[in-house]
Every structure is written in structure tokens, then in C-alpha cells.
Amino acid sequence: MIRPGSGSPGSGAAPRGPAALLLAAALWLALLDPSPAHSRTLKLALDSIPFTLDYMSALTGNLTTYAHWVFDPLARWNGEMKLEPRLAERWLLQDPQTLRVYLRESVTFHSGNRMTAQDVVWSIRRAQGSPSWKALFSNLERVEAVGEHMVDFHFSRPEPLAANLLCYIFPMDSKYYQGTDAKGQPKDAIYRGDPVFAHAKACGTGPFMVSGFDPDRRLTLERYPEYWDARSRGNVDKVVITAMPDAAARCAALVSGLQDCVSPVSPQETERLRKTPEVGLTYMASSRVITIGFNPAANPEFEDRRVRQAFIAAINNAGITDKVMNKLTVPAHQLSARGMSGFNPDLVPRYDPEKARRLMREAGLEGGMRVKMIAPSNRYTNDVLVAEAVVVMLARIGVSVDLETIPLAQYWPAFQERRAGLQMLGWRPDTEDSANSFQFLLMCRKPEGDVGSANSGYCNPDLDEMVEAAARECDPLERGRILRGAERLAYDDAACITLHYEPLTWAFRKNVRLERAVTPQNNLLLGEVEMN
């Protein structure tokens with residue numbers, strides 16, 4: 001296998017005569033079936049693939065998933081939402097503002113270079129220069145190598161989520177990205193649309209190396225033979241990842257055998273796939289919660305907690321997950337997903353149409369009310385159908401909803417303008433922590449910074465105070481208690497409507513095993529995929 005930057009093998013004399021005919025036949029067979037009989041090639045179709053090999057160019061789901069394939073993080077979340085060591089062997093909080101990380105000592109990059117603490121420091125500093133990634137490191141004051149395999153993280157204030165940050169550190173080979181390219185441009189320049197070295201070249205420590213890349217169309221990966229994780233059960237040698245935006249086309253390719261695995265699978269396609277013997281289906285609730293925010297500036301009625309409670313009681317989110325989402329996920333009764341520090345198991349379903357009508361009467365709205373609602377189209381699974389179901393349910397308690405569905409490119413500006421009284425939004429905290437959801441969706445919006453930047457208009461200073469207290473608390477037990485209390489406060493105060501957690505769906509041929517490969521963050525860990 002050719003390592004990154006090692007050049008191509010030398011060439012010898014071309015064979016002639018019968019040997020040439022045999023070679024030509026072998027080449028034709030290779031074109032018809034590019035993988036040898038003993039190798040395992042996984043053909044994977046996704047709705048989109050990375051548009052660049054520089055994962056730091058944008059903080060998006062498919063780029064961070066790709067980073068797991070080619071680079072490997074210091075730590076990662078497992079299926080039970082627990083942190084597990086990866087390139088970091090262990091870590092220790094020295095004090096509330098210092099985290100010491102101990103690196104594995106026998107890890108090599110795809111170039112053959114050994115990974116050291118200097119590579120980690122270099123990668124973090126590069127990320128701090130990325131417009132998309134730098135916010136993750138806003139509290140990181142300084143990072144330094146302490147010896148060859150030890151790194152100290154120094155934070156500007158107590159950081160209870162210091163270990164969570166390790167999931168976003170995917171070391172790059174600093175030696176490979178040193179110097180300039182053929183055009184005289186720095187090899188470590190971050191891709192922003194113009195061609196740069198890191199856009200089309202990649203060198204990490206991950207289970208796979210990039211062997212082919214056609215942006216937005218196809219990515220080809222080959223197993224790295226020197227991969228450090230000998231405990232991994234994955235046995236795939238090669239992966240061909242194709243972008244197929246059309247959900248029906250993806251599923252048809254799977255059923256026909258042109259693809260081995262596809263994602264996502266729409267709820268409309270799942271029934272057909274469940275009846276296809278040679279196809280398996282796996283799905284789970286992700287950590288992204290689908291919400292509808294209240295905007296009292298557009299509808300002053302939402303200043304009254306009873307009205308907000310009535311809207312929540314009118315919406316049968318279990319019915320939505322059953323009928324609209326085809327049982328691919330579970331209802332959400334709070335912002336936190338199960339496994340997060342603030343998940344409160346005491347919070348129960350609130351669907352109660354009679355109570356909703358009673359609350360509307362108590363609020364003086366027995367004659368009903370009119371409200372505008374905005375929702376994105378084709379951003380979340382069945383987002384338009386979910387919004388339409390909400391409209392029907394609210395009509396049963398006398399609420400007339402003017403629904404506007406907006407294409408994704410125009411939706412976020414409309415949301416930020418707080419154009420409507422009800423606004424749909426899905427949210428997955430980058431930190432996989434409850435405080436992040438509160439900070440962006442429910443804390444009172446501040447003119448500066450990100451606090452409340454995804455808030456439709458709700459504001460409760462008591463909630464803000466609890467979230468700020470959690471940000472200062474480094475004892476995980478006490479911090480969890482504070483955040484569970486914040487979930488209870490938001491639940492009782494009807495801070496927003498929580499519908500369900502976004503489903504993650506994968507369909508595959510029966511010779512493919514994904515049990516250990518799919519996580520609630522929608523990371524397909526290709527290094528863990530098995531094929532028979």
C-alpha cells in the first residue's frame with residue numbers, strides 16, 4: 001500500500017506474449033470485480049459525503065464522522081453515551097482548570113511517522129484558527145506538550161467538560177502538513193473553498209487511509225495495516241462511499257445488491273425493507289431533540305404559562321413517533337437525551353387534550369387563538385409531516401395555526417428574526433451535555449456571544465442562574481443534580497415543546513454487522529464494521 005507522500009512504485013519492463021494476454025485478462029477481471037476474493041469491500045451509500053478531506057474546514061456531522069474514519073479522536077462516545085479512551089490512554093483533572101492527558105505510545109500516522117504530544121498540540125492550535133472549530137476551544141487558554149506522550153490543557157476558568165473536549169481532537173500529522181505545496185501555499189492552510197493541500201490530502205492515525213476522493217460524489221478508503229487498535233473486531237478492507245441524496249434510490253440500490261449499507265432510511269421506506277429477507281434494519285434515537293419554541297413577542301399569549309402548558313398537553317408526541325416516524329424513535333419529554341448529565345427520569349408524558357382545553361379556558365382563550373408557525377423543509381426526518389401533525393392537534397383545542405415551511409437555506413435567518421410565534425428547531429449539543437442545550441435554546445438571549453442564540457423568545461432568569469451554576473461546578477454528581485433540576489424547572493414552566501429525538505436509521509445486507517459501529521451521535525465507526 002502506498003503511504004501518503006511516499007510517491008508511486010517504480011515501473012519495470014512490460015510483459016509480452018502469452019504472459020501479456022494473461023495479464024490483460026486479469027486486468028479485465030479486476031475492472032469487473034475490483035476487490036480480490038479474500039478482501040472485504042463495503043459499498044456504502046449516504047445522503048451526502050464530505051466535500052473536503054480537511055475536517056477542520058467546517059463543524060458538520062459528516063466531516064466529524066469522516067474524521068473518525070481517517071484520523072481518530074483522543075476519546076469518543078460509545079453506544080451508552082460514555083466516554084472511552086482512544087488515542088488518549090487516560091486523563092486526569094489536575095485541578096479545576098488543568099487537564100492532563102496521557103497519550104498511547106505506539107501509534108503511527110499513515111505516513112509512518114510516530115504520533116507524539118507535539119502533533120496533538122499542533123492540531124489543537126490549527127483548530128483554534130478554524131472559524132468553525134475555534135468556539136469549541138474558547139475556554140482553552142493554553143495547551144502544552146509535557147514530554148513526548150503527555151499533554152496539559154490549561155483553561156481560563158473551571159471547566160467541568162474538559163474531558164468531553166477530547167472527542168473533538170483528531171490529531172493530524174504535523175510533519176506531513178509542514179512546508180508549502182507546489183503552488184507555494186502553506187500545507188496547513190484550512191480549506192475555505194479555494195484549493196489547498198489539506199483539501200485533497202489527508203494523513204491521520206485512523207483505521208482507514210484515503211485512496212480516492214471525488215468531492216460530493218465518492219470517497220474510497222483502504223484499511224491501514226499498521227492501525228494501533230488490535231482489539232477492533234472490524235474486518236472490512238476497503239470502503240467505497242457514494243453520495244446518493246434520494247432516499248428511495250438508496251434503498252433500491254440496497255435491495256438490488258448494488259450497495260451493502262445505506263443511511264439514512266426514511267420512515268416511508270422502512271416497511272418495505274422490513275419485508276425484504278436479505279436486508280436488515282437498525283435504528284435508534286439520537287441525542288438531537290426536535291423542539292418547537294415559544295415566541296411571546298409574536299404572540300403575547302405565550303407570556304401566560306398556562307397557554308404554553310396547554311399547547312404541550314395538546315400535542316401527542318407519542319402518536320407522532322408512532323404514525324409519522326413509523327416507530328423509529330421515542331418521544332422526548334425534556335431536552336436532555338438519556339445518558340446526558342441532566343436527563344431527568346422523573347419527567348413523564350403530558351399529552352392530555354382535556355387538560356389543554358381547560359387551561360385555555362382558564363387563560364381566557366376559550367374562543368381559541370391564532371398563531372403563525374415556521375418549520376424547515378428537508379432538514380429533519382419528516383419535518384414537514386411532523387409540523388402538519390402539530391397543526392392538526394392544536395386545532396382540536398381551538399388554535400388556528402398558519403404554517404409556513406421554509407427551505408433549509410432560508411430557514412435559519414427566518415428563525416433568527418423570530419418571524420413566528422412557534423418555531424421548530426432540532427438541537428444536538430456538540431458537547432453531548434445538557435448545559436449546552438439550555439445555553440443555546442432556553443437561556444435569555446444576550447446581544448453578545450452565543451447565549452440564547454437559538455432561543456425563540458423564552459426567558460426565565462431562575463433557569464439562567466441554574467445553568468450558570470452548572471458551568472462553575474466540576475463535581476459531576478453535584479453538576480448532574482443542578483442540571484436535572486434545570487430540566488424540572490423547564491418542564492414545569494413549559495419552556496418549549498419537546499417532540500422526539502431525531503431517529504438514526506441504517507439498512508444493510510445481511511452479511512454486514514453494525515452492532516458496535518453505530519453511535520447515538522450518528523457516527524458510523526467503519527473500523528468496527530464486520531462483513532461475513
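It should be emphasised that the depicted structure is a prediction, and the values quoted were computed from it without experimental measurement.
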### Message
To the nearest 0.5 Å, what is the distance between CD on Glu303 and OH on Tyr458?
### Response
11.0 Å
#### Entry: Phe343 six-ring centre to Arg484 NZ/CZ under 6.0 Å and within 45° of normal
no
### Query
Do Thr329 and Glu502 have side-chain N/O donor and acceptor atoms under 3.5 Å apart?
no
### Query
Do the side chains of Val239 and Lys43 get nearer than 4.5 Å, heavy atoms only?
no
### Task
Report the C-alpha separation of Glu404 and Met373 in whole Å, then their side-chain angles, then the decisive distance to 0.1 Å, and conclude whether the side-chain contact (heavy atoms from CB on, under 4.5 Å) test is met.
CA-CA 6 Å; Glu404 179 185 6; Met373 175 178 171; over 6 Å; no
### Query
Is it the case that Glu530 and Asn235 place a side-chain donor and acceptor less than 3.5 Å from each other?
no
### Message
Please find the pair of heavy atoms, one from Val240 and one from Arg218, that lie closest to each other, and give the distance.
### Response
CG1-CD, 3.8 Å
### Message
Could you walk me through whether Asn455 and Leu441 satisfy the side-chain contact (heavy atoms from CB on, under 4.5 Å) test, starting with their C-alpha distance in whole Å, then the side-chain angles of each, then the deciding distance to 0.1 Å, before giving a yes or no?
### Response
CA-CA 4 Å; Asn455 185 334; Leu441 282 101; 5.9 Å; no
### Query
Can Asp322 and Lys327 be counted as an ion pair, charged N to O under 4.0 angstrom?
yes
### Message
I'd like to know if the side chain of Gln334 pairs up with that of Ser336 as donor and acceptor (distance under 3.5 Å, no hydrogens or angles considered).
### Response
no
### Query
For the atom pair CG (Asp47) and CG (Asp246), what is the distance rounded to the nearest 0.5 Å?
11.0 Å
### Query
Which class fits the ring pair Tyr191 and Phe51: parallel under 30°, tilted 30 to 60°, perpendicular over 60°?
tilted
### Query
What are the two closest non-hydrogen atoms of Cys167 and Pro73, and how far apart are they?
O-CB, 3.9 Å
### Query
Cut-off 3.5 Å, side chains only: do Asp493 and Asn460 have a donor facing an acceptor?
yes
#### Entry: Charged N-O contact under 4.0 Å between Arg516 and Glu528
yes
### Message
I'd like to know whether the aromatic ring centres of Phe302 and Phe311 sit less than 6.0 Å apart in this structure.
### Response
yes
### Task
Would you check if there is a donor-acceptor pair between the side chains of Trp427 and Asn436 at a distance under 3.5 Å?
yes
### Message
Measuring centre to centre across the rings, with the benzene-like ring taken for any Trp, is Trp133 within less than 6.0 Å of Tyr55?
### Response
yes
### Message
Which heavy atom of Ala494 sits nearest to which heavy atom of Arg308, and what is that distance?
### Response
O-NE, 3.0 Å
### Task
State whether a side-chain donor-acceptor pair under 3.5 Å links Asn344 with Tyr491.
no
#### Entry: OH on Tyr501 to OG on Ser286, rounded to 0.5 Å
9.5 Å
### Message
Between Leu483 and Phe438, does the side-chain contact (heavy atoms from CB on, under 4.5 Å) criterion hold? Intermediate values first, please.
### Response
CA-CA 9 Å; Leu483 291 172; Phe438 291 125; 4.2 Å; yes
### Query
What's the shortest heavy-atom distance between Leu74 and Pro171, and which atoms?
CD2-CG, 3.9 Å
### Task
Enter the distance from Leu525:CG to Ser232:OG here, rounded to the nearest 0.5 Å.
9.0 Å
### Query
Do Thr52 and His199 have side-chain atoms, one donor and one acceptor, less than 3.5 Å apart?
yes
### Query
Hey, do the aromatic rings of Phe71 and Phe170 have their centres closer than 6.0 Å?
no
### Query
If you measure only the distance, is there a donor-acceptor pair under 3.5 Å linking the side chains of Asn326 and Thr270?
yes
### Task
Please report the shortest heavy-atom distance between Ile320 and Val386, naming the atom on each side.
CG2-CG2, 4.1 Å
### Task
State whether a side-chain donor-acceptor pair under 3.5 Å links Thr65 with Asn523.
yes
#### Entry: Donor-acceptor side-chain pairing of Ser341 and Asp433 below 3.5 angstrom
yes
### Query
Thinking salt bridges, do Arg305 and Asp492 make one under a 4.0 Å N-O criterion?
no
### Query
Tyr66 vs Trp69 aromatic rings, parallel, tilted or perpendicular, using cut-offs 30° and 60°?
perpendicular
### Query
Would you call Asp402 and Arg370 a salt bridge, taking side-chain N to carboxylate O under 4.0 Å as the test?
yes
### Message
For the OG atom of Ser287 and the CZ atom of Arg428, what is their distance to the nearest 0.5 Å?
### Response
5.0 Å
### Interatomic spacing from CD1 in Ile241 to CZ in Arg217 - rounded to 0.5 Å
15.5 Å
### Query
Can a salt bridge be assigned to the pair Arg357 and Asp352 using a cut-off of 4.0 Å between side-chain N and carboxylate O?
no
### Message
Looking at every non-hydrogen atom in both residues, tell me the closest pair between Ala490 and Leu442 and how far apart they are.
### Response
CB-CD1, 3.9 Å
